[in-house]
Novice: 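One structure is given below, represented as structure tokens, and several questions about it will come after.
Both backbone and side-chain heavy atoms feed into the values below; hydrogens, waters and symmetry mates do not. First listed ligand is number 1; within each ligand, the first listed atom is number 1.
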Amino acid sequence: MVERRETDSRTLLRRLRDTLATPGGGQDRLDHITHLIADSMHTQVCSIYLFRDPETLELCATEGLNPDAVHQVRMRLGEGLVGRVARTGQPVNTGDAPAAPGFRYMPETGEEIYSSFLGVPIQRVGEKLGVLVVQSREAREFSEDELYGLEVVAMVIAEMTELGAFTGDQGGIGAAHRFPVMFRGTTGQEGAAEGRVWLHEPRVVVANPVGDDPDVEKTRLEQAVATLQAQIDEMLIGSAAMDKEQRQVLEAYKMLAHSRGWVRRMCEDIDLGLSAEAAVEKEQSTARARLEQSTDAYLRERLHDLDDLSNRLLRLLTGQGKDTGAELPENPVLVARNIGPAELLDYGRQLKGVVLEEGSVGSHAAIVARALAIPLVIHATRITNEALNGDQILVDGDQGIVHLRPEESVAGAFRDKIAMQAEAQKRYADLRSLPAQDRAGQSVSLMMNAGLMADLPSLKSSGADGVGLFRTELQFLIRTRVPRRGELAALYKRVIDAAQGAPVQFRTLDIGSDKVLPYMKPQEEPNPAMGWRAIRVGLDKPGVLRMQLQALIRASEGRPLSVMFPFVAAPDEFHAAKAMLEREVERERALGRPVPEKLRVGAMLETPSLAFAPDSFFAACDFISIGGNDLKQFFFAADRENERVRRRYDTLDVSFLSFIETIVARCAANDTALSFCGEDAGRPIEALTFAALGLRTLSMRPASIGPVKHLIRRVDLEGLKKVIDATRARGEQSVRHAVTAWLASQ
Ligand code: PEP
Ligand code: MG
């Protein structure tokens, strides 16, 4: 058996690195590398197979096999021993290759005389590049040391690829391995966008995969690991305010960071010649390949932890921060594991799209993306491993699909879609100054939902009659501390100014266990959506609510002011909140400050209970706004955040519509103004149905105003009401089918 010594390995790695400095094309370098490896490993054969597309590997360089087979021999992923290494990301080591399961005989290579086979993947943190193989005549299994040594060599080849060592001619990798990939995620915000990838956390570039002095590299590694451990310990100390899950993640980090096995393996890699950075990446890649094979969901979850720790370690070692100095590309599409609302807001409208691996429909980032009307796809698993800065990317927010480095045919079809949407938007823009009136002259007021200053320009461009819902929590979510009264007053004033006399209905803070403020002590609640949130918090801990009400009064500077309270479930709550507002008005008046010339106070109807409140409640409300998102989730008992059930029940279900009608009737009887401001108000068919049932104010995202108005102007709401009534009389569960058919016939 041939013993490989550490010095052999180090000499080989240095020689490989030196090929970077020698002039020549990618093919020359690959040829030279296979020669060096075969020589150093004392094998007759060394071959490099690279991906040509995600399913096909090609022999790109060889020492020992028939040179004519280079660029001719190809195999499918999973086919033969090479294909198996590529598919599993695991090595294959056998002394009798022809007898090994899956062996495929390829006469064009002349490999039949070589009995032993050792193949290892060439991969870099989840990015599969190819397979490195050595073969010998003698029938023997390769030793552990040899296997380990070859893996180290493969790592250096992978890093060299990243540095562009082999690009430039037909043997080149680096260009060829960047295939189109499609990701199926979930819609966070509708819309389509084409642009270039901008990684929120760019990958660390390892400039030197080979270490010259193992002792120096090990010291660097140990110091970085010690810093990492200290950072995690510090995070744990500060984790008192975190929820259980976050703390558990940190505990898992800590275990991993203190794992002796992890550090020992990296030190062994360094002994074989890798730099500290390359050793970190090698362990990350190897563990990744192993964990990915696992069917254990818990272990697969740990992949994230491992990636996170490895990336932190790499940043410590290279000193590379998140800011690499790279310029934001044109039409940037932000790609990230996750992002906070404040960071997303910093990028603002310059982003064409956002793609996240994590997140949820109701996450703060999703709220901000929606407010900015940026197409957002969430749950695009592993996209941060695949995407590189500058890659072409298509974001289909409607379908929740992302195409990375798309084929031209896909990109073409996608552009058609974007063009069609733009065309429709243009048509809607032409409607801007026309009223939302049906054919019989019945008017519907279309308002917009907002939450940021950035939303306000849409008031004009969409043709909205005002802001039907201004969600004030966004201003709290994007800060690291409670905003001051002066700051809020200035902001609300700018909103009122920008509305130029159009009404703005401010909703007081809707915050609670699910929308946790960074500076709020989180409450552990089994059902946060039904927990201590919104007006419940406002009444129990009135400090912030009072401050917010003061800010609103000051912002009005004597102009009319509309305030509504979220999530009112019982009249008492409304009366108490309204009294608080009135007290603040009186206090301002007593101080000689201007008070709103007209004060309108409303409640959001988001729980079924409120629809059955006594008339005195309705009479006390100047207006009521149906928060359909919450109301529907409680009506059907179906969590709006839960993918499995959130689309299960139809808004046009006759039970829900009858309930809406009840609310319309109660408000009419008490002369209380009524609007609807959930997401459904922006869906044209739903909006039309609500209007036919007597809801004459709808508040929606600005982009929906055009489509909704377009439809209202083409129908007769009276006629639609008859269709709805007839459908109910027939005993159908939903009126959707009947309404759609009627619309088609119009
Ligand atoms: C609603 O519940 O419909 C609503 C408008 O409020 P939010 O979506 O902010 O809970
Ligand atoms: Mg709500």
Novice: May I ask you to check whether Arg701 and Gln189 show a side-chain donor-acceptor distance below 3.5 Å?
Specialist: yes
Novice: What part of Glu679, side chain from CB on, backbone N/CA/C/O, both or neither, has a heavy atom under 4.0 Å from ligand 1?
Specialist: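 For Glu679, there is no contact with ligand 1 at all, from either part.
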Novice: Between Arg533 and ligand 1, is there a nitrogen or oxygen pair with a distance under 3.5 Å?
Specialist: no
Novice: Testing Gln550, Arg583, Arg554 one by one against Glu588 for a side-chain hydrogen bond (donor to acceptor under 3.5 Å, both in side chains), which residue passes?
Specialist: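 Checked Gln550, Arg583, Arg554 against Glu588; only one passes side-chain hydrogen bond (donor to acceptor under 3.5 Å, both in side chains): Arg554.
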Novice: Quick one: does ligand 1 sit under 4.0 Å from the side chain of Leu469, the backbone, both or neither, non-hydrogen atoms only?
Specialist: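 The answer is the side chain of Leu469.
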Novice: Are any of the heavy atoms in Arg507 under 4.0 Å away from ligand 1?
Specialist: yes
Novice: Let me see the working for Thr697 and Leu674 under side chain to side chain contact (heavy atoms under 4.5 Å, CB included), right down to the final yes or no.
Specialist: CA-CA 7 Å; Thr697 303; Leu674 175 66; over 6 Å; no
Novice: Run the numbers for me: atoms of ligand 1, each under 4.0 Å from some heavy atom of Gly627, listed by number.
Specialist: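 It comes down to these atoms of ligand 1: 1 (C), 2 (O), 3 (O).
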Novice: With a distance cut-off below 6.0 Å to the six-membered ring centre and an angular limit of 45° from the axis, does Arg536 pair with Phe567 as a cation-pi contact?
Specialist: no
Novice: Cys677 to ligand 1: N or O pair under 3.5 Å?
Specialist: no
Novice: Provide the number and element of each atom of ligand 1 under 4.0 Å from a heavy atom of Asp630.
Specialist: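 Those qualifying, in numeric order: 1 (C), 2 (O), 3 (O), 10 (O).
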Novice: For the side chain of Thr672 and the backbone of Phe623, is there at least one donor-acceptor N/O pair under 3.5 Å apart?
Specialist: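 Checked: no pair found.
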Novice: Does either side chain, that of Thr384 or that of Glu357, offer a donor lying less than 3.5 Å from an acceptor on the other one?
Specialist: yes
Novice: If we set the cut-off at 4.0 Å for heavy atoms, which region of Lys632 has an atom near ligand 1: side chain, backbone, both, or neither?
Specialist: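 No part of Lys632 comes within reach of ligand 1.
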